[in-house]
Each structure stands twice: as structure tokens, then as C-alpha cells.
Amino acid sequence: GNSVTQMEGPVTLSEEAFLTINCTYTATGYPSLFWYVQYPGEGLQLLLKATKADDKGSNKGFEATYRKETTSFHLEKGSVQVSDSAVYFCALSDDKIIFGKGTRLHILP
Amino acid sequence: GAVVSQHPSRVICKSGTSVKIECRSLDFQATTMFWYRQFPKQSLMLMATSNEGSKATYEQGVEKDKFLINHASLTLSTLTVTSAHPEDSSFYICSARDPTGEGTEAFFGQGTRLTVV
């Protein structure tokens with residue numbers, strides 16, 4: 001069946017550092033791919049999405065490119081801020097949405 | 001984006017009682033809603049898919065008699081945790097897709113923190 005694998009956390013970075021959170025997927029068809037963010041005590045918010053191969057999703061300085069050849073959707077940001085501290089989930093969508101286990105990100109001032 | 005509202009945000013109940021959690025799509029009609037349970041180490045587990053006007057589809061290992069799902073209208077799905085026990089304590093999250101939207105993403109409720117004492 002479909003699955004999502006993302007890098008284990010926690011990830012701790014200093015402010016203004018470059019961020020990469022790896023995500024790979026297994027799917028039989030051509031799913032849409034997403035990154036969701038969860039702040040403490042809250043539900044999930046959609047951060048960005050890509051619906052087909054080579055699409056790049058972007059939002060709030062975050063980017064991820066749908067790579068069909070490597071079945072990946074890595075999340076990147078050039079310069080992180082303390083306010084980016086949260087848990088990030090990679091997900092794919094076909095008839096239902098499947099999540100990775102989440103990566104906790106800590107940004108130090 | 002579309003708005004999904006979940007209620008209550010926190011609930012504490014005694015062991016053996018039942019608790020109902022509501023999930024509403026506020027500005028769209030959702031034929032399908034999803035219920036997730038989030039464990040302490042972050043992972044989000046899909047429990048069931050709720051279909052308006054029909055029975056829910058439960059994931060393997062989820063007790064359908066324990067977690068009753070009702071999707072009586074296009075804007076409301078409910079999850080009832082029956083005869084709750086301390087091991088049912090968790091963070092429950094619902095989501096819904098907007099069928100008229102451009103993408104296939106789901107919109108999430110704020111979550112419900114259930115504590116069974």
C-alpha cells in the first residue's frame with residue numbers, strides 16, 4: 001500500500017540556518033503530495049502542496065518539489081526563524097491521506 | 001482555505017463513560033471526513049473514513065464498536081468513544097476535503113485532547 005517516510009527528528013537549528021526535511025513516498029498511482037505543519041496544541045495546517053511531477057509547492061519561504069524519479073518531496077527553507085519551530089508532516093493523497101511520522105523542528109535564537 | 005471546526009477542544013471523562021466529538025465543515029459540504037488519532041510521539045494514525053449517509057470505513061485494527069462514527073449530514077461527522085478507558089486518552093483530529101476546491105488536500109480541525117481518568 002501507499003506509505004510516507006520522513007526523517008526522524010528532532011531537528012535543532014540556529015536561526016537563519018538552512019533547513020531540509022527529507023520525505024520519500026511509495027504509491028501505486030500518482031498522488032498529490034503535501035507538507036502540513038502543527039504548532040503545539042493545535043490541529044494541522046496545510047503548508048504547501050504539489051499535485052503532479054515536477055510541481056514546486058511554496059509558502060512562507062518553504063519549498064518542496066515533487067520528484068517522481070526519486071519519489072521524494074523534500075521540504076526546504078533558506079533561512080529559518082524561531083517561529084518556524086513546530087512539527088512538520090509529509091503526506092500523500094489518493095483516496096485517503098497518509099502521513100509520515102512527523103519531524104519536530106526546534107529553532108534556537 | 002476551507003474551515004473545519006472540531007468540538008470540544010479538551011475533554012476529561014471518567015473511565016467507563018462515553019464521549020462524543022464533533023467535526024463540522026463550516027463553509028463547504030464534505031461528503032467525506034477522516035478521523036485520526038495522534039500518539040504522543042507525533043505519528044498521526046488514520047482511524048476511519050466517514051462517508052455521509054453510509055457506514056464508515058475503518059482502518060485495520062480499529063474497533064468499530066469502540067469508536068462509533070456517524071456522518072449524518074454533509075457538514076457534520078461525530079466520533080463517539082464508547083466505554084472509554086485510560087488507554088483511549090489521546091489527541092483526536094478530524095479532517096475533511098472540499099470537493100469543490102482545486103486540490104485534493106484536506107482541512108483539519110483543531111483537535112480534541114481526550115483524557116480518561
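Each chain gets a letter, A, B and so on, in the order its sequence line appears, and its residues count up from 1.
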Next on the checklist: For residues I21(A) and F99(A): do they belong to one hydrophobic cluster (side chain heavy atoms under 4.5 Å, members Ile, Leu, Val, Met, Phe, Trp, Tyr)?
Outcome noted: no

Item to check | Output field: ring centroids Y36(B)/F89(A) closer than 6.0 Å | outcome: no

Checklist outcome for this item: The reported gap from CD in Q110(B) to CD in Q45(A) (rounded to nearest 0.5 angstrom) is 10.5 Å

Checklist entry - Between Q6(B), E59(B), R10(B), which residue shows the highest count of heavy-atom pairs closer than 4.5 Å to chain A? => result E59(B)

Next on the checklist: Can you confirm whether E87(B) is buried at CD, in the sense that more than 12 heavy atoms of other residues, nucleotides or ligands lie under 6.0 Å from that atom?
Outcome noted: yes

Checklist entry - Between V4(A) and Y36(A), is there a shared hydrophobic cluster once you connect ILVMFWY residues whose side-chain heavy atoms come closer than 4.5 Å? => result no

Item to check | side chain to side chain contact (heavy atoms under 4.5 Å, CB included) assessment of F91(B) paired with Q38(A) | outcome: CA-CA 13 Å; F91(B) 194 57; Q38(A) 184 179 33; 3.6 Å; yes

Checklist entry - Given R97(B) and I97(A), is the side chain to side chain contact (heavy atoms under 4.5 Å, CB included) satisfied, shown in steps? => result CA-CA 10 Å; R97(B) 280 188 172 135; I97(A) 297 183; 3.5 Å; yes

Next on the checklist: According to a hydrophobic-cluster definition based on side-chain heavy atoms being under 4.5 Å apart (Ile, Leu, Val, Met, Phe, Trp, Tyr only), do L46(A) and L105(A) belong together?
Outcome noted: no

Next on the checklist: Quick check on Y39(A): does its OH atom have over 12 non-hydrogen neighbours (other residues, nucleotides or ligands) under 6.0 Å away?
Outcome noted: yes

Item to check | Region of L44(A) that comes under 4.5 Å of a non-hydrogen atom in chain B | outcome: both

